[in-house]
Visitor: 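Let me give you the structure first, and then I'll get to my questions.
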Amino acid sequence: AQTVTQSQPEMSVQEAETVTLSCTYDTSESDYYLFWYKQPPSRQMILVIRQEAYKQQNATENRFSVNFQKAAKSFSLKISDSQLGDAAMYFCAYSPRGGSEKLVFGKGTKLTVNP
Amino acid sequence: ETGVTQTPRHLVMGMTNKKSLKCEQHLGHNAMYWYKQSAKKPLELMFVYNFKEQTENNSVPSRFSPECPNSSHLFLHLHTLQPEDSALYLCASSQPSGNTDTQYFGPGTRLTVL
């Protein structure tokens, strides 16, 4: 069974600094998707970034980028120039290609941004 | 409205009550999902509907009864719940067989069972 592990229950960062959230996963599939979702106190689960496993290039969305290491099954999220609005729970998730119903989440990392 | 909407946002009910949660998606997707999110636990997938047909039921107790009348609407009917059922219930939708395999979530219903 696929599993997703987030080893950092909590992280903090100073405003304008950079922070990296870790995620590892386990799968025997070769083609899959990886996601980072953000859940602020408003509770809405928002898609931050998505990576397709067959693409070697790391995905980037504005201040958010990933470091995807397929062989190591690692998928970390880097947030640059952190803003107060980035404070939230961040969930790493995995699904096999063509299997969006099999989305598996990690337990989440709570990010605090200090002014 | 856009995206995925859920009503009500908050619900308090007694163990003998019957209530329903509603989810509506405006994204033209064909798959819809119910998740349960409890404190300090990963999201738990409860039900999956593909083209209105239920394709997953992750051993959910029968006191939770889903209904999907069409691809845009999903309900979760609740009856004789237990206090441990108190949680955030999230609805999501996706387009199966699409190229993105991405689920989009609603804002959730915070349920408290007294």
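Below, chains carry the letters A, B, ... as their sequence lines are ordered, and counting in each starts from 1.
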Visitor: Please say yes or no: joined through hydrophobic side-chain contacts below 4.5 Å, possibly via intermediate residues, are A:Leu84 and A:Val48 part of one cluster?
Guide: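 Both belong to a single hydrophobic cluster.
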Visitor: A quick test of your reading: do over 12 heavy atoms of other residues, nucleotides or ligands sit less than 6.0 Å from NZ of A:Lys78?
Guide: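 Atom NZ in A:Lys78 is not crowded, with 12 or fewer foreign heavy atoms closer than 6.0 Å.
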Visitor: Please name the pair of heavy atoms, one in A:Gly106 and one in B:Pro42, separated by the smallest distance, quoted to 0.1 Å.
Guide: O-CB, 4.1 Å
Visitor: Are more than 12 heavy atoms from other residues, nucleotides or ligands located less than 6.0 Å from atom CD of A:Gln56?
Guide: no
Visitor: Under a 3.5 Å distance rule, please check whether A:Gln44 uses its side chain to pair with a backbone N or O of B:Phe105 as donor and acceptor.
Guide: yes
Visitor: Give the C-alpha distance, both sets of side-chain angles, the deciding distance and a yes or no for side-chain contact (heavy atoms from CB on, under 4.5 Å) between B:Thr102 and A:Tyr33.
Guide: CA-CA 9 Å; B:Thr102 301; A:Tyr33 291 98; 5.9 Å; no
Visitor: Is A:Gln6 close to chain B through its backbone or its side chain, or both, or neither, when contacts mean heavy atoms under 4.5 Å?
Guide: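 No part of A:Gln6 comes within 4.5 Å of chain B.
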Visitor: Got more than 12 heavy atoms from elsewhere within 6.0 Å of CD, A:Gln57?
Guide: no
Visitor: So which atom in B:Gly108 and which in A:Arg43 form the shortest heavy-atom distance, rounded to 0.1 Å?
Guide: O-NH2, 3.2 Å
Visitor: Under the side-chain contact (heavy atoms from CB on, under 4.5 Å) criterion, do B:Leu88 and A:Met45 qualify, and how do the steps go?
Guide: CA-CA 12 Å; B:Leu88 180 67; A:Met45 192 79 76; over 6 Å; no
Visitor: Work out which heavy atom in B:Gln103 is nearest to a heavy atom in A:Tyr37; give both atom names and the distance.
Guide: O-OH, 2.6 Å
Visitor: Does B:Lys19 NZ have over 12 foreign heavy atoms under 6.0 Å away?
Guide: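 Counting neighbours around NZ of B:Lys19, 12 or fewer heavy atoms of other residues, nucleotides or ligands fall under 6.0 Å, so no.
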Visitor: Among B:Lys41, B:Arg110, B:Gln37, B:Glu44, which has the most heavy-atom pairs under 4.5 Å with chain A?
Guide: B:Gln37
Visitor: Would the number of heavy atoms belonging to other residues, nucleotides or ligands and lying under 6.0 Å from CG of B:Asn70 be above 12?
Guide: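 Atom CG in B:Asn70 is crowded, with more than 12 foreign heavy atoms closer than 6.0 Å.
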